[in-house]
There are 2 protein chains.
Amino acid sequence: MRFEIDQHSKTPSYLQLAGKLRDAITAGEYGPREAIPSLKQLQQESTLAMGTVQRAIQVLEDEGLVYTVPGRGTFVSPAHE
Amino acid sequence: MRFEIDQHSKTPSYLQLAGKLRDAITAGEYGPREAIPSLKQLQQESTLAMGTVQRAIQVLEDEGLVYTVPGRGTFVSPAHE
DNA sequence: CTGTATTTGTTCGTATGTATT
DNA sequence: AAATACATACGAACAAATACA
């Protein structure tokens with residue numbers, strides 16, 4: 001499981017996932033304009049519901065760390081790496 | 001129905017509701033530090049699902065127009081009216 | 001051009017948890 | 001203890017955009 005979530009943590013699942021993704025991006029695992037895993041992949045690799053995964057992505061989007069293109073995917077913002 | 005939503009509009013329901021609430025707040029219908037209707041009330045007066053209502057509130061919260069206190073309610077931000 | 005698959009977007013209904021009154 | 005109110009999470013369905021054979 002690439003993105004494991006502790007369901008019993010006091011930190012909400014969506015924030016845990018957002019944190020793991022943020023870490024991976026700032027660590028350079030996904031470069032600028034590069035796609036991060038799809039919602040479906042993240043869902044499978046985290047055992048979370050789709051809605052919860054989407055909420056995690058929303059957090060990173062609000063931070064300007066990633067941007068989303070409907071039908072294509074979610075990508076790391078050009079200014080970050 | 002105080003907050004009516006057009007289910008067939010191309011504008012998502014949560015953005016429609018957010019817009020109506022924003023208008024009411026900027027029109028002064030709810031003053032600074034004053035509570036807006038509860039999620040339950042909004043849900044009943046809009047025929048939307050709770051999750052959709054909450055998403056509308058989230059939009060206004062992100063704008064800094066309102067703030068939320070768990071167990072108490074959602075209030076108009078002090079700087080706005 | 002025509003499907004088909006992939007991916008994100010919206011919405012519903014429900015359940016449970018946490019905070020406040 | 002009970003009622004009210006917001007928070008998190010699940011699972012499901014359908015829509016819309018995109019890519020590709």
Side-chain angles (χ1 to χ4, degrees), chain A residues 1-22 24-25 30 33-77, chain B residues 1-22 24-25 30 33-77:
Chain A
M1 212 65 89
R2 179 72 178 73
F3 297 101
E4 203 154 355
I5 303 296
D6 174 10
Q7 309 269 163
H8 301 86
S9 166
K10 62 286 169 210
T11 303
S13 302
Y14 75 95
L15 288 180
Q16 287 182 57
L17 178 56
K20 285 177 185 295
L21 285 169
R22 189 187 304 109
I25 291 170
Y30 305 102
R33 300 175 190 279
E34 189 178 334
I36 66 175
S38 71
L39 298 184
K40 191 177 198 174
Q41 285 175 320
L42 290 173
Q43 184 247 307
Q44 291 167 341
E45 296 192 12
S46 67
T47 325
L48 296 178
M50 284 286 293
T52 305
V53 173
Q54 226 160 354
R55 192 167 177 185
I57 299 297
Q58 186 61 56
V59 170
L60 303 181
E61 216 174 340
D62 289 348
E63 293 174 0
L65 196 59
V66 302
Y67 62 95
T68 268
V69 183
R72 290 197 45 211
T74 303
F75 308 84
V76 177
S77 295
Chain B
M1 213 64 89
R2 178 73 176 74
F3 297 101
E4 202 155 354
I5 303 297
D6 175 10
Q7 308 272 161
H8 301 88
S9 167
K10 63 284 169 214
T11 303
S13 302
Y14 75 96
L15 289 180
Q16 287 182 55
L17 178 56
K20 286 176 183 293
L21 285 169
R22 190 187 303 109
I25 292 170
Y30 305 102
R33 300 176 192 282
E34 189 178 334
I36 67 176
S38 71
L39 298 184
K40 192 177 198 175
Q41 286 175 318
L42 290 173
Q43 184 248 309
Q44 292 167 340
E45 297 194 10
S46 67
T47 326
L48 297 177
M50 285 288 293
T52 306
V53 173
Q54 226 158 355
R55 190 165 180 187
I57 298 297
Q58 187 61 54
V59 170
L60 302 180
E61 218 174 339
D62 289 349
E63 293 175 359
L65 196 59
V66 303
Y67 62 96
T68 272
V69 184
R72 289 198 46 213
T74 304
F75 308 86
V76 177
S77 296

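In this text, all values refer to a predicted model and were calculated from it rather than measured experimentally. All heavy atoms count here, side chains included; hydrogens, waters and symmetry mates do not. Order of the sequence lines fixes the chain letters, A, B, ..., with proteins taken first and strands second; residue numbering starts at 1 for each chain.
Residue Met50(B) contributes atom CE, which lies 7 Å from atom P of dC6(D) at whole-angstrom precision. Remark: P of dA13(D) and CD of Gln43(A) are 14 Å apart, rounded to the nearest angstrom. When rounded to the nearest whole Å, the span between CZ of Arg55(B) and P of dT11(C) equals 7 Å. Here the P atom of nucleotide dT11(C) and the NZ atom of Lys10(B) are 13 Å apart, to the nearest Å. The nearest whole Å value for the distance from the CD atom in Gln7(A) to the P atom in dG17(C) is 13 Å. In this entry the distance linking NE2 of His8(B) with C1' of dT10(C) reads 14 Å, nearest Å. Whole-Å rounding puts the Lys40(A) NZ to dG11(D) P distance at 15 Å. Distance Ile5(B) CD1 to dT10(C) C1': 14 Å, rounded to the nearest Å.
For the atom pair OG1 (Thr74(A)) and CG (Leu39(A)), the distance works out to 5.5 Å, reported to the nearest 0.5 Å. Expressed to the nearest 0.5 Å, how far CG of Leu60(B) lies from CD of Gln58(B) amounts to 9.5 Å. In this structure, CG on Leu17(A) lies 9.0 Å from OG1 on Thr52(A), to the nearest 0.5 angstrom.
Closest contact between the side chain of Pro70(B) and the listed nucleotides dA5(D), dA19(C), dC10(D) involves dA19(C). Of the candidates dG13(C), dC6(D), dT18(D), the closest approach to any side-chain atom of Arg72(A) belongs to dT18(D). Comparing dT11(C), dC10(D), dC6(D) by their nearest atom to the side chain of Leu39(B) picks out dC6(D). Taking every side-chain heavy atom of Gln54(B) into account, dC6(D) is the closest of dT8(C), dT21(C), dC6(D). The side chain of Ser38(A) approaches dT7(C) more closely than any other nucleotide in the set dT7(C), dT21(C), dA9(D).
Using a 4.0 Å heavy-atom criterion, one finds that Leu48(B) contacts the sugar-phosphate atoms exclusively.
The side chain of Ser13(B) contributes no N or O atom lying less than 4.0 Å from OP1 or OP2 of dT10(C). For dT8(C), the OP1/OP2 oxygens have a side-chain nitrogen or oxygen of Thr74(A) closer than 4.0 Å. Contact between the side-chain N/O atoms of Tyr14(A) and the OP1/OP2 oxygens of dA9(D) is not found at any separation under 4.0 Å.
With a cut-off of 3.5 Å on both pairing distances, dA1(D) has no Watson-Crick or G-U wobble partner at all.
Put simply, the residue from Lys40(A), Gln43(A), Gln44(A), Glu45(A) that forms a side-chain contact (heavy atoms from CB on, under 4.5 Å) with Val53(A) is Gln43(A).
For residues 2-11 of chain B, every residue pair satisfying the side-chain hydrogen bond (donor to acceptor under 3.5 Å, both in side chains) rule, not counting sequence neighbours, is listed here: Arg2(B)-Glu29(B).
Between Gln16(A) and Gly71(B), the one whose closest nucleotide on DNA chain D sits nearer the 5' end is Gly71(B).
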